[in-house]
Amino acid sequence: MELSLCYSYAALHSVKHEIDEPRVEVAESRQRQADSIIGCGIVVPKMWRMRDINGAPDKAHLIPTKYCDSRSWPRLRAGNHSNQRHDHRATGAAASPAVRRYRRRPLAGAAAGPISAAADLRAGRPPPSRCWPQLARTTACATVHPRLAVCVAVHAGAPAGVATPAAAGPRLLAVPPLLDGRSTPLRHLTASACLQQLASSATETTRRPDLPLRCRPLRSRRRPLPLSSSISSFFPSLLWLVGPTVTPNVMTENWGITMRFVNFCEMGSIREEKLKFCIDRGGTFTDVYAEIPGQSEARVMKLLSVDPANYDDAPIEGIRRILEEHTGHKIPRASKIPTDKIEWIRMGTTVATNALLERKGERIALCVTRGFRDLLQIGNQARPKIFDLTVAMPSNLYEEVIEADERVELVLDGEVDGSGSNSSLSVKGISGELVRVVKPLNEEALKPSLKKLLDNGISCLAVVLLHSYTYPQHEILVEKIALDMGFRHVSLSSALTPMVRAVPRGLTASVDAYLTPVIKEYLSGFMSKFDEDLGKVNVLFMQSDGGLAPESRFSGHKAILSGPAGGVVGYSQTLFGLETEKPLIGFDMGGTSTDVSRYAGSYEQVLETQIAGAIIQAPQLDINTVAAGGGSKLKFQFGSFRVGPESVGAHPGPVCYRKGGELAVTDANLILGTLIPDYFPSIFGLNEDQKLDVEATRDEFKKLADQINSYRRSQDPSTKDMTVEEIALGFVNVANETMCRPIRQLTEMKGHETRNHALACFGGAGPQHACSIARSLGMSEVLIHRFCGILSAYGMGLADVIEEAQEPFSAVYDPESILEAAHREAILLAQVRQKLKGQSFTDESISTESFLNLRYEGTDTAIMVKGKRAQPSENDYALEFVKLFQQEYGFKLQNRKILICDVRVRGIGVTNILKLQSLEPVSWAPKVEGDYKVYFEHGWHETPLFKLENLGFGHSLPGPAIIMNGNSTVIVEPGCRAVITKFGNIKIEIHSSPQMTKVAEKVADVVHLSIFNNRWWTGCQCSTRSCPLRAMSSTVKWQLEYWGDNLNEGDVLVTNHPCAGGSHLPDITVITPVFVNGKLVFFVASRGHHAEIGGITPGSMPPFSVSIWEEGAAIKAFKLVEKGIFQEGGITKLLQSPNIDEASVRNIPGTRKLQDNLSDLRAQVAANQRGISLIKELIEQYSLGTVQAYMSHVQINAEEAVREMLRSVATRVIGQSRNNDEKDSVTIEEEDYMDDGSIIHLKLTINAEKGEAIFDFDGTSPEVYGNWNAPEAVTSAAVIYCLRCLVDIDIPLNQGCLAPVKILIPSGSFLSPSDKAAVVGGNVLTSQRITDVVLTAFQACACSQGCMNNLTFGNDSFGYYETIGGGSGAGPSWHGTSGVQCHMTNTRMTDPEIFEQRYPVLLHRFGLRENSGGDGVYSGERRVHAPRGLNGGKDGARGANYLVTKDKRKVYLGGKNTVEVQAGEILQILTPGGGGWGSP
């Protein structure tokens, strides 16, 4: 007996069905269902193209089209093929079609022929023997799964007793081409035995000897799926037939054959294909994408997210409506949604985001370690907006705070406890650090506090205890107690983000406790709308990290970016690698804001972000947002166009919405013709049936044009008036530049060239602006997804299920720690795999990633580094870390240890739900739907309009053109070309190279003035990460005078001396001269604070220095880089050998951190270089002359803004004064005191007509014997800061602010000291008093703390330096803010856990001083002279410093002091409060 193997993957069934997973994608068919036809029990796939033995198409084996039509099935099953005659006497199957007609003649005992046989097969039983001859006549059997090798065995019968020739045997006819270009041997024994037996029975004449018997493993999109060990388990309808092989060409009329079934496997389950839903519930609209069985095109629906008059929940409504359309059955809104037709639902939602923005979360309380009740309110003490005098801080999410009586301390290397022993009482924490439980949790003291919360109606709790990241036992105990007492939800910081730093961890726990109950309530309501079979539906929700999670694992702190994350997944998985090989910039423009992101093969994530004032520490996609969108307000202020950040909102909205709104970007697009009323919903007017109001919009623009042209004529009488269209285009260009800012920051700040990216544009308004933005960024390619209007929803179907695990690990990076890290990774990987398996993922469908969070010793900048090898121990994380650090910051730290902070793993459950559909090339010309006039840069253009739905693969549309893509308008500008891609997306090629833009130079163009303002601000942020507060023009001027013509290309200068324009010695300025064509054209400078520069005390901030050389290395002028060569030897000598004390002939110590200084200096050089690159881009675009002209214009614009402010102040003060004889000027005098009694006196004279001011500091005390002498540059910086605060518009800080101002400082005063005077305190203390004097003179606000509260400590091995916040002054309409940095500084506070981890100190209490702010209508420190109130407001409390000695004595230290402390002694610092405003 010889074996023939005949197998079919599709089940034998007479109706349309879906083949079980893995799903069949039938070749050359765009249908989603797998249509099959039955011929004597053999199933053949629709449009299956058989191929000959070499893989080439064989026309003889093409299945006739009529057989592929389901309407022909009845005739096929009946065997009634009257219109098809095939010769059964043909030899072999090579001349026969794959589906064969059977001659309808009665056979002995055969009643129903093939019909009966097929019925038996479907019933799961062997057909009766009378049907075997019909089965035996099947001439070709093939698998229908296109991803498996097909063995076609011709199997013919012979009369009983007929001799079998030697050449008899089955014939192998076809193997379809391999999809992946290679074959893999079928190694499973059963299949292999069958195939080899089949091969051995064939002769050279019936089989190609060079054809290997191979089978390719089934593959999904991302992973191999190996064949199971049992053929029958893998092929659910596998049929084995055993019988003799006979001569193929022996055919007789009354022949018979004997066959028997060896095995007939159970049929595979037949399941009806169901609907699949992807939903994005946004703030305004809810987008629904649904795939419908039997339809090649998806169903897309857009609903208002909130429409209580019509439905309760938009996602439910969308599902209900689509189910009604599909089934034809009415589903009442009050009834449950049936789930029998739903396969899965994936959803992103802004429920959490909206609750956070609107502060409508759950009522919660915060539980913290005793002594730290104000920990989260103080936060990092930095104020959000540096020039905002109101210091508006986000409100707390928690209502009440309870303190847990417990304390855990870290045991540092070499430390001994109070008993004198080492760490015998210590335990090892999760991070590997030793911890000492100084005070176990007092459970009995905690319970009354918790009960009080419950009594007050608060049943949700956020818990953050110090060092719980490594010792979480106390937090876990608090959770158990709270839940036992009846709390509904408890969020533990140690469980959510087990990372060192208590503040962000606690804020994350607060966000989670605040939002998770809201999320759970919404999800519970959502799930309750379905019937009881919802458990059979796969329901997943999008998280902020771009992964999906089931409802049980979807929590508040991971839901903030749920909707935007879907868009990132959408464009990354459908465009990158398919439409372009370039890295992508995601550009999602909405109504009030624009989100930008980057994708270059992997998702870019951040571990910490701030949203709606709340810091969240959790893995999230790196999505940057700028307040510019279709609803951004348009204004003309101080000679330039302004777009946003204010929005007109949805109500009343833009002018064109017919609700009495204000001009917005949408109105500008309407004027330009890029927004077409014919294709915009007619939902406006009283009856909500009118189109956009073009006339009203044009009227408002005419009014604005009158204002703009009037100003322009005042600057240049000969100028030509701007038309309404030119003004509208100008505003759009400014808006585009505003939206370019976050893109440049996302790329340039991380070391990437913006121009090397492609712009992936989506969102409702984005495609209108795409070409212009790409051209501005130097990009040559724009990609617009076919579902750009609903891409966030579509992206839900492309996402994978994500499980993350992380734990702290504190160690120096070395071979030993790498092995330990690998061990931890393995444990965490097993955990995430187990979680994914619990969600029905197999090992083959799970992939994992491993990370180490690394940082340089002595820095706070950690980078999460991804491992690139399968074995964690083989990864060289350090090498990748150094590479990433240098790429982002432009330098690397030499001879510096790398520290491990955390181990993190990520498990990915691959889902492969949505499949991309490719289009066939088209041969017809694109259909023009109409022509519209559109205004571009050079005027009006007749522009054809196309509908994307009527365009096909290969259509090419030269610009200008309009493509309507649903509700999105795609504008193809002149000089661009749009191409419809294979996947139906739009690719726009920006052909025209950016020509040099001609701009008026003599008089500033009002549009380009705004653009240059944006570009300077972007350049400042990208090159230095923060715009410096100090005015550096005097520093650059001094260097230019000093060096004269002795400057060359490749030179970089360094200075820090006060007489050379410096502030104090730790602030080192690096200046790079920039040459163009050999000519010096401008300078780029950066100033950075160095924590150590030498001097008589560590930290270079000596409290009692009396001369400059006691404060460290003083550098007047030195070439840090000379002709491109870094002068390490020269700068090292200057840093290590500061000036000699001429009075006492003392040698002053040099820097104690030389390598840190050298690294920081290299960083400043790199920062300058980035700034130079950005400015050179401007020069390439606009020309050197234009850039230089607009450098002046930007300063003139700032000057005009200050003049206008001065006029306003003078007019107000004059109006309030009764005895002022001068009607065009006003004089105000103010003074304040230093703690030693020295006076700062200011006489401020403002000319109301000219808008000029004189700041005369005559009467100020002389140079002091101490260190709060302030160089003139510090006074200038304080004045320019105050002026910028008083100008309430967003302009770059520049020297133009001082143009209408004269600053008179008496020489020899402590505001203009000699070059030998000590000045370290002038920059950090005197500058604060100067701002208080200036702002009180302007009656802007009461005095703030007037100090930076500098604290330094250390020894020869380490140093610590901190500036501590205090109280800000109240103002005319606001309260002061507590515990915040004020005015001339905005540094971040060291986190308490970092503080204790890195230094041999303990923090006993960290909180706010109650009642230290001055009383007043608006309530708002110092150590001798209290911060003054204003307008009748009370003074703030003075600051105080105490030392509590080991014998419990409390010693007052005064305003500044230096003391040597012993182990166990306590330093207490009380910072000043702010003054009040108005009589209380």
Item checked: Flag, side chain of Thr516 to backbone of Gly556, donor-acceptor distance under 3.5 Å -> yes
Check: So, for Tyr813 and Tyr877, is the gap between ring centers shorter than 6.0 Å?
Finding: no
Note to self: Please verify the inter-ring angle class for Tyr794 with Phe787; under 30° counts as parallel, over 60° as perpendicular, anything in between as tilted.
What the structure shows: tilted
Margin query: Would the distance check show the side chain of Gln605 and the main-chain N or O of Asp545 forming a donor-acceptor pair, the cut-off being under 3.5 Å?
Written below: yes
Next item on the list: Could you tell me whether the side chains of Thr470 and Ser431 share a donor-acceptor contact shorter than 3.5 Å?
Entry: yes
Item checked: Donor + acceptor pair across side chains of Thr609, Gln620 (<3.5 Å) -> no
Checklist line | Geometric class of the Tyr571/Phe762 ring pair [parallel <30°, tilted 30-60°, perpendicular >60°] | finding: tilted
Notebook entry, point to check: Which atom names give the shortest non-hydrogen contact between Pro808 and Arg824, and what distance separates them?
Noted result: O-NH1, 3.3 Å
Margin query: For the OG atom of Ser810 and the CG atom of Leu899, what is their distance to the nearest 0.5 Å?
Written below: 7.0 Å
Check: Between Arg906 and Glu804, is the closest basic N to carboxylate O distance under 4.0 Å?
Finding: yes
Note to self: Just so I know, are the side chains of Val539 and Glu551 near enough to count as touching, which here means a heavy-atom distance under 4.5 Å?
What the structure shows: no
Margin query: My understanding is that only one of His467, His474, Glu475 makes a side-chain contact (heavy atoms from CB on, under 4.5 Å) with Tyr471; could you say which?
Written below: His474
Next item on the list: Mark yes or no for whether Ser493, through its side chain, and Tyr469, through its backbone, hold a donor-acceptor pair below 3.5 Å.
Entry: no
Item checked: Check: Asp531 main-chain N/O paired with Thr339 side-chain donor or acceptor under 3.5 Å -> no
Margin query: For Val464, is there any backbone N or O sitting under 3.5 Å from a side-chain donor or acceptor partner on Ser468?
Written below: no
